[in-house]
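Working notes for the structure below.
Both counts, for ligands and for their atoms, begin at 1 and track the order of listing.
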Amino acid sequence: MFIINCKNYDEVSGEKITKLVKTANKISKKYGVKIAVAPPQHLLSKVTSFSIPILAQHVDDAKVGSTTGFIVPELLKKSKVRGSLINHSEHRISSKEIQQLVMRLRKLRMISVVCVKNVSEALKYAKLNPDYIAIEPPELIGSGKAVSKEKPELITRAATAVKSAKNQTKLLCGAGIVSGEDVKQSMILGSKGILVASGIIKAKNWKKIIEEFAKAMI
Ligand code: G3P
């Protein structure tokens with residue numbers, strides 16, 4: 001799995017998000033690589049007609065009904081959003097909320113991606129059996145210095161931690177990934193995919209860079 005987190009980058013604002021998702025969709029089909037996109041929250045329903053999974057960047061453990069300004073899993077599902085990132089480094093939540101949200105998404109058969117910043121969190125949250133644990137050292141996010149080069153041991157140790165949960169959870173890694181070589185290295189170290197933002201969104205040629213990443217995953 002290769003997840004493109006669009007954050008709130010202006011490069012994907014308005015109609016531009018459709019171009020990104022369309023490109024990712026084509027490349028996913030061409031290479032048989034699973035690609036998911038997490039658009040800015042307000043653009044989610046603009047791109048759910050493509051076949052690749054569209055994920056929310058964040059979801060709230062708020063109830064359906066009289067809650068204002070929150071995003072709830074049940075309504076996301078009805079809008080054909082396939083899952084969500086949970087606890088991204090730029091949007092951390094409590095461990096109780098993480099637990100509740102993983103359960104709620106699983107019940108709805110939606111994809112859960114719990115983001116963690118270190119190995120002990122990977123160990124702790126893999127036990128909840130989310131679909132993915134994504135490890136990202138915060139200091140490397142947006143740096144252009146890949147986690148796979150700067151902190152290879154973090155990926156190998158996280159892979160062991162996730163395996164020890166003995167369930168379906170798979171490991172992703174992210175932060176600073178900007179090239180196919182970074183992707184390849186992550187996979188060699190034991191990651192089953194990547195979570196990437198600026199390396200794709202800020203690239204001049206989306207087709208070229210998404211293709212480079214996809215090929216590196218095969
Ligand atoms: O969610 C992905 C992210 O936090 C990594 O960001 O820009 O380093 O790929 P970036």
For Gln168, does the CD atom sit with more than 12 other heavy atoms under 6.0 Å from it, leaving out its own atoms?
no

Check: Tyr31/Glu211 side-chain N/O donor and acceptor closer than 3.5 Å
yes

Reported CZ-to-CD distance for the pair Arg104 and Glu74, which is rounded to 0.5 angstrom:
4.0 Å

Less than 4.0 Å from some atom of ligand 1, heavy atoms are found in residues Asn5, Lys7, His88, Glu136, Ile141, Gly142, Ala175, Gly176, Leu195, Val196, Ala197, Ser198

Check whether the side chains of Thr169 and Asp131 place a donor and an acceptor atom closer than 3.5 Å, and report yes or no.
no

Can you give me the closest heavy-atom contact between Ile35 and Ala24, atom names plus distance?
CD1-O, 3.7 Å

Heavy atoms, side chains only, cut-off 4.5 Å: are Leu128 and Ile98 in contact?
yes

